[in-house]
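Note that these values count all heavy atoms, side chains included, but never hydrogens, waters or copies made by symmetry.
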Amino acid sequence: MSLPKYRIKINGQYLQGYDESKTIGKSGHMGWQPRATELSALVLTKHKEQAKIYEGQISLKSQFDRIYERLRYAGLTLERLEIEKVPEEELTLTTS
């Protein structure tokens with residue numbers, strides 16, 4: 001059995017990934033982090049087929065954490081957050 005797969009939509013656009021070349025803020029440095037880490041910019045797209053697919057609940061939670069850091073430390077304005085489960089049939093069509 002394969003892990004469930006998801007897409008994330010932020011304010012009506014799909015999350016395509018992160019642009020490591022653009023820093024939009026720094027995270028907090030309490031707890032496990034001895035110093036602040038740089039936060040890279042979100043890359044969003046209107047095109048569903050360009051969205052990054054995250055596999056499994058642990059990966060999905062990691063993305064929630066990354067989005068939350070941008071809300072808290074980098075001024076991301078969040079109007080709507082959506083999670084779409086990707087049907088297995090859709091994945092087999094794109095890989096065939």
Side-chain angles (χ1 to χ4, degrees):
M1 183 167 100
S2 65
L3 293 171
K5 294 170 181 60
Y6 304 96
R7 285 188 198 92
I8 299 172
K9 266 179 111 172
I10 300 171
N11 299 335
Q13 294 189 358
Y14 290 96
L15 179 60
Q16 190 174 0
Y18 300 88
D19 184 348
E20 302 297 332
S21 69
K22 291 183 184 174
T23 299
I24 58 169
K26 292 187 181 256
S27 70
H29 61 313
M30 302 307 229
W32 293 103
Q33 294 291 338
R35 54 192 113 99
T37 57
E38 293 183 344
L39 299 173
S40 54
L42 296 172
V43 178
L44 302 173
T45 180
K46 293 181 181 181
H47 305 287
K48 185 177 189 174
E49 63 278 358
Q50 294 177 349
K52 172 87 170 145
I53 295 176
Y54 298 98
E55 188 173 351
Q57 285 103 2
I58 292 172
S59 180
L60 185 61
K61 180 181 181 308
S62 295
Q63 297 313 307
F64 285 153
D65 291 343
R66 291 184 82 177
I67 293 165
Y68 172 74
E69 287 174 344
R70 282 144 185 84
L71 280 166
R72 184 169 181 192
Y73 302 114
L76 173 67
T77 301
L78 184 63
E79 300 293 329
R80 186 176 182 98
L81 178 64
E82 299 175 65
I83 306 304
E84 293 181 2
K85 186 170 183 185
V86 180
E88 286 295 323
E89 308 82 60
E90 187 179 323
L91 291 170
T92 56
L93 290 175
T94 58
T95 57
S96 298

**OP:** Determine the minimum heavy-atom distance between Ala74 and Ile24, stating which atoms define it.
**Re:** CB-O, 3.6 Å
Original post:
Nearest 0.5 Å, what's the CD-NZ distance between Glu38 and Lys22?
Top reply: 15.0 Å
Subject >> Within 6.0 Å of NZ in Lys5, more than 12 heavy atoms from elsewhere >> reply: yes
Subject >> Rounded distance [0.5 Å steps], CG in Asp19 versus CG in Leu42 >> reply: 10.0 Å
Original post:
By side chain to side chain contact (heavy atoms under 4.5 Å, CB included), which residues pair with Thr45, not counting sequence neighbours?
Top reply: Tyr14, Gln16, His47, Gln50
Original post:
How about Lys9 and Glu84: do any of their side-chain heavy atoms sit closer than 4.5 Å?
Top reply: yes
Original post:
Taking the six-membered ring of Tyr54, is the NZ or CZ of Arg7 close enough (under 6.0 Å from the centre) and on axis enough (within 45°)?
Top reply: no
**OP:** Is it possible for you to say whether Leu60 and Leu78 belong to one hydrophobic cluster, with membership spreading through side-chain heavy-atom contacts below 4.5 Å?
**Re:** yes
Subject >> Tyr18 vs Gln63 side-chain heavy atoms within contact, under 4.5 Å >> reply: yes
Original post:
When clusters are formed by joining ILVMFWY residues with side-chain heavy atoms under 4.5 Å apart, either directly or through shared neighbours, do Leu39 and Leu15 land in the same one?
Top reply: no
**OP:** State, with a plain yes or no, whether a side-chain heavy atom of Ile67 is found less than 4.5 Å away from one of Ile8.
**Re:** yes
Original post:
Do Tyr6 and Phe64 belong to the same hydrophobic cluster, where Ile, Leu, Val, Met, Phe, Trp and Tyr are linked whenever their side-chain heavy atoms lie under 4.5 Å apart, directly or via other members?
Top reply: yes
**OP:** Could you state whether Ile83 and Leu71 fall into the same hydrophobic cluster, counting links through intermediate Ile, Leu, Val, Met, Phe, Trp or Tyr residues with side-chain heavy atoms under 4.5 angstrom apart?
**Re:** yes
Original post:
Any side-chain heavy atom of Thr77 within less than 4.5 Å of one from Glu79?
Top reply: yes
Subject >> Linked, directly or transitively: Ile10 and Tyr68 (ILVMFWY side chains, under 4.5 Å) >> reply: no
Original post:
Hey, are the side chains of Arg70 and Arg66 touching, using non-hydrogen atoms and a 4.5 Å cut-off?
Top reply: yes
**OP:** Step by step, work out the side chain to side chain contact (heavy atoms under 4.5 Å, CB included) result for Lys85 and Glu90.
**Re:** CA-CA 10 Å; Lys85 186 170 183 185; Glu90 187 179 323; over 6 Å; no
